Amino acid sequence: MKKPVDEKTLREKLTPEEYAVCREGATERPFSGKYYHCDDEGTYRCVACDNALFKSDNKYDSGSGWPSFDRAIAADSVELRSDETHGMRRTEVLCKNCGSHLGHVFDDGPKTTGKRFCINSLSLKLDKK
């Protein structure tokens with residue numbers, strides 16, 4: 001269940017770029033995010049609320065320009081929503097805890113799950129092992 005979000009507090013906590021992605025649905029430029037080439041082990045969390053979202057064990061290089069994962073850490077950690085903006089049909093991925101925009105999920109991932117969670121680095125923080 002989503003917690004109430006204090007936008008004023010989030011504006012103070014997040015950088016303008018993080019806020020634009022998480023709260024306004026922006027997208028960082030491909031190949032620009034700090035976690036795109038990151039191979040560190042740990043848990044990726046929501047930068048806005050610290051909710052655990054993805055494990056490094058499920059991260060892979062999709063070549064898309066954004067960090068990609070084949071699954072979320074748990075079914076109840078993310079929310080999926082239909083997104084038909086920009087003339088495309090996609091599935092948006094949001095933090096289930098605070099509703100922050102994370103990225104999108106596609107059905108062209110590895111054979112293990114067939115999913116590619118294409119996530120903005122700006123919406124994540126890595127809790128290293």
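Keep in mind it's a predicted model, so treat the numbers as computed, not measured.
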### Task
Check each of Arg116, Arg89, Lys115 against Asp107 using the salt bridge (charged side-chain N to carboxylate O under 4.0 Å, His left out) test, and report the only one that passes.
Lys115
### Query
Any idea how His104 and Phe106 line up, ring-wise: parallel (<30°), tilted (30 to 60°), or perpendicular (>60°)?
tilted
### Message
Quick one: does any side-chain atom of Glu17 pair with a main-chain N or O of Leu122 as donor and acceptor, under 3.5 Å?
### Response
no
### Query
Could you walk me through whether Thr85 and Arg90 pass the side chain to side chain donor-acceptor pair (under 3.5 Å) check?
CA-CA 8 Å; Thr85 60; Arg90 303 178 290 178; 3.3 Å; yes
### Lys128 side-chain N/O to Asp40 backbone N/O, donor-acceptor pair under 3.5 Å
no
### Query
Can you tell me if Asn51 uses its side chain to pair, donor with acceptor, with the backbone of Ser77 under 3.5 Å?
yes
### Query
Are any side-chain N or O atoms of Arg45 and backbone N or O atoms of Asp50, one a donor and one an acceptor, separated by less than 3.5 Å?
yes
### Of Tyr35, Phe117, Phe54, the residue whose pairing with Tyr44 passes ring pair (Phe, Tyr, Trp, His ring centres under 6.0 Å)
Tyr35
#### Entry: Atom NZ of Lys125: over 12 foreign heavy atoms under 6.0 Å
yes
#### Entry: Donor-acceptor under 3.5 Å (Trp66 side chain, Thr27 main chain)
no
#### Entry: Over all atoms of both residues, closest heavy-atom pair of Ser62 and Ser68
OG-OG, 2.7 Å
#### Entry: Donor-acceptor contact present, side-chain Lys129 to main-chain Thr43, <3.5 Å
no
### Query
Does a donor on one side chain and an acceptor on the other come within less than 3.5 Å for Thr112 and Asp70?
yes
